[in-house]
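Here is the structure we will look at.
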Amino acid sequence: MEFQISIASTPIDVGYTLDCGQVFRWQLNYDGWWLGVVKGYVLKIKRLGDSLMVKTSSEDADEQFVRRYLRLDDALPKILYEIRKDELISNAVSRLNGLRLIRQDPWECTASFICATYKNINAIQQMIFSLSRSLGEPIKFEDATYYSFPTAETIAKIDDELIKACGLGYRAEFLIETARNIASGDVVLENLAKTSYENARSVLLSEQSKGKKKLLPGVGLKVADCILLFSLEHLEAFPIDVWIRRAVLRFYLHLFDEAKVSKMISNVEQNGSIGPAEYRQVSEVMRRYFGAYAGYAQEYLYHYTRVYEPLLLSRGL
DNA sequence: ATAAATCCTAGACA
DNA sequence: ATGTCTAGGATTT
């Protein structure tokens with residue numbers, strides 16, 4: 001199906017949105033179309049003036065579906081106004097204006113970020129491609145075949161090495177166990193969109209019974225925040241990876257008291273990676289600082305400090 | 001004082 | 001380049 005979506009009153013930059021590390025299934029083709037697979041449908045998107053041109057593999061993937069996926073219901077100008085608390089975020093917002101969070105499928109998002117730990121974006125894309133190709137459903141579209149992301153039910157039934165062969169390594173057992181507990185209904189991810197951020201996060205991190213194995217192995221604090229932000233409507237979630245942590249250390253130390261600052265600095269000197277205690281403290285402070293849309297601030301800071309600022313510095317700007 | 005919970009940190013992992 | 005797990009040590013109760 002083909003249609004156009006007017007974006008005159010709802011600005012979006014498709015490139016920033018689909019290529020900022022929040023989702024791994026999109027690529028920009030030589031002809032200028034962004035191509036991705038979403039929930040069993042193939043989508044192509046290209047901007048034309050004040051519209052998005054869209055082609056999809058199914059009548060079910062209609063304008064409503066795409067608007068929802070791209071979060072065109074978010075009042076972006078208002079959100080960006082609310083998070084502009086200082087010069088750094090202001091620069092990021094100016095430079096990356098139009099970057100939007102998207103509304104991902106909770107299971108695919110969970111699986112993607114379990115795979116994402118300790119890997120770079122290229123490797124993550126490769127894993128997700130392999131998983132889809134070997135376990136997903138084929139979708140024919142414009143004389144080519146694409147593959148949907150496998151369901152939790154499918155992955156729950158797969159024992160053993162097939163998944164490791166997709167390049168997951170030790171993440172394979174995490175993914176399978178997580179898929180089983182989701183397929184069995186022990187965790188219903190969708191329900192977590194309706195509860196508070198704190199409660200939803202504690203469910204994602206919970207154990208089967210006290211002291212026992214985790215319900216969703218492979219989901220720690222950072223992955224939980226990604227799931228909450230990218231697929232469960234918790235826009236205040238503020239995932240902290242190494243890049244964001246560096247940004248906090250460089251620009252936001254004044255938000256912390258002296259004791260915490262010296263502790264953070266000694267932590268970074270001897271350990272490198274952030275511990276859970278520090279993660280909880282830092283993310284809470286940043287959520288308070290940026291407010292209800294802290295997650296948007298995180299995406300802008302992430303992309304800006306990771307890509308643009310180093311680029312500008314290297315050119316002496 | 002002791003044991004049992006809980007908190008926390010250092011290393012392992014592709 | 002990077003986030004979670006696990007074991008075991010420190011801390012609290």
Side-chain angles (χ1 to χ4, degrees), chain A residues 20-24 109-131 155 160-182 187 189 198 200-231 237-250 259-260 262-284 286 295 298-299 301-303 305-307 309-311 314:
Chain A
C20 68
Q22 61 177 326
V23 62
F24 305 102
C109 185
T110 300
S112 299
F113 282 94
I114 287 174
C115 294
T117 63
Y118 214 81
K119 283 282 183 185
N120 61 38
I121 289 179
N122 247 328
I124 300 163
Q125 285 171 335
Q126 196 52 54
M127 285 187 265
I128 290 171
F129 178 85
S130 301
L131 277 174
I155 292 193
D160 69 280
E161 311 294 318
L162 184 52
I163 290 184
K164 274 192 183 141
C166 295
L168 298 217
Y170 64 90
R171 297 163 197 78
E173 340 186 340
F174 295 162
L175 184 65
I176 293 173
E177 184 63 16
T178 290
R180 287 185 179 149
N181 288 327
I182 286 173
V187 185
L189 294 173
E198 300 282 356
R201 187 174 74 170
S202 75
V203 172
L204 292 179
L205 299 175
S206 64
E207 296 166 341
Q208 310 209 352
S209 54
K210 58 183 178 195
K212 289 290 182 187
K213 287 189 300 185
K214 290 195 57 180
L215 221 37
L216 308 177
V219 178
L221 284 159
K222 190 270 182 179
V223 171
D225 271 333
C226 291
I227 298 167
L228 293 168
L229 179 61
F230 300 140
S231 73
F238 191 89
I240 301 172
D241 66 355
V242 285
W243 295 94
I244 288 294
R245 190 183 184 212
R246 278 177 209 147
V248 169
L249 288 167
R250 279 182 61 195
K260 230 164 253 175
S262 53
K263 187 151 198 183
M264 286 163 70
I265 289 174
S266 82
N267 277 351
V268 79
E269 278 169 353
Q270 50 175 285
N271 202 1
S273 74
I274 190 170
E278 188 184 324
Y279 188 107
R280 286 173 190 273
Q281 291 169 351
V282 174
S283 78
E284 186 177 347
M286 300 311 286
Q298 191 271 6
E299 280 308 286
L301 287 177
Y302 174 79
H303 206 232
T305 60
R306 199 171 102 96
V307 179
E309 207 200 33
L311 188 69
S314 74

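Chain letters run A, B, ... following the sequence lines, proteins first, then strands; residues in each count from 1.
Listed candidates were C/dC5, B/dT9, C/dG3. Nearest to the side chain of A/F174 is C/dC5. Comparing C/dC5, C/dA1, C/dG3 against the side chain of A/T117 picks out C/dG3 as the nearest.
Look at OH on A/Y302: it is 11 Å from C1' on C/dA1, rounded to the nearest Å. Spacing between atom CD of A/E207 and atom P of C/dT6 amounts to 10 Å, rounded to whole angstrom units. Per the geometry, CG belonging to A/L204 stands 12 Å off P belonging to C/dC5, to the nearest Å. Distance CD1 (A/I244) to C1' (C/dG3): 15 Å, rounded to an integer number of Å. Remark: C1' of C/dG3 and CD1 of A/I114 are 12 Å apart, rounded to the nearest angstrom. The distance from atom CD1 of A/I240 to atom P of C/dT4 is 11 Å, rounded to the nearest whole Å. Computed from coordinates, the A/E278 CD to C/dT4 P distance equals 14 Å when rounded to whole Å. For A/W243 and C/dG3, the CH2 to P distance is 11 Å, given to the nearest whole Å.
Between A/N181 and A/Q208 there is a side-chain heavy-atom pair separated by less than 4.5 Å. Residues A/R171 and A/L175 fail the side-chain proximity criterion, which asks for heavy atoms closer than 4.5 Å. Residues A/R245 and A/N267 form a side-chain contact, since some pair of their non-hydrogen atoms from C-beta on lies under 4.5 Å apart. At a threshold of 4.5 Å between non-hydrogen side-chain atoms, the residues A/I124 and A/S112 do not count as touching.
The environment of A/K214 atom NZ is dense: over 12 non-hydrogen atoms of other residues, nucleotides or ligands sit within 6.0 angstrom. Other residues, nucleotides and ligands contribute at most 12 non-hydrogen atoms within 6.0 Å of the CD atom of A/E173.
Between A/F238 and A/Y302, the ring centre distance reaches or exceeds 6.0 Å.
Atom NZ in A/K119 sits 10.5 Å away from atom CD in A/Q126 (nearest 0.5 Å).
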With the criterion being N/O to N/O and under 3.5 Å, what pairs connect the protein with nucleotides 12-14 of chain B, and how long is each?
{"unit_1": "B/dC13", "atom_1": "N4", "unit_2": "A/Y118", "atom_2": "OH", "d": "3.4"}

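A donor-acceptor contact shorter than 3.5 Å is absent between the side chain of A/Y279 and the backbone of A/I274.
Within 4.0 Å of A/P276, counting heavy atoms only, lies at least one base atom of the nucleic acid. Residue A/G275 is out of contact with every strand shown, counting any heavy-atom pair closer than 4.0 Å.
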### Query
Would you write out the dot-bracket form of DNA chain B, 5' to 3', with Watson-Crick and G-U pairs under 3.5 Å, [ ] for crossing pairs, | for pairs to other strands and . for unpaired bases?
..|||||||||||.
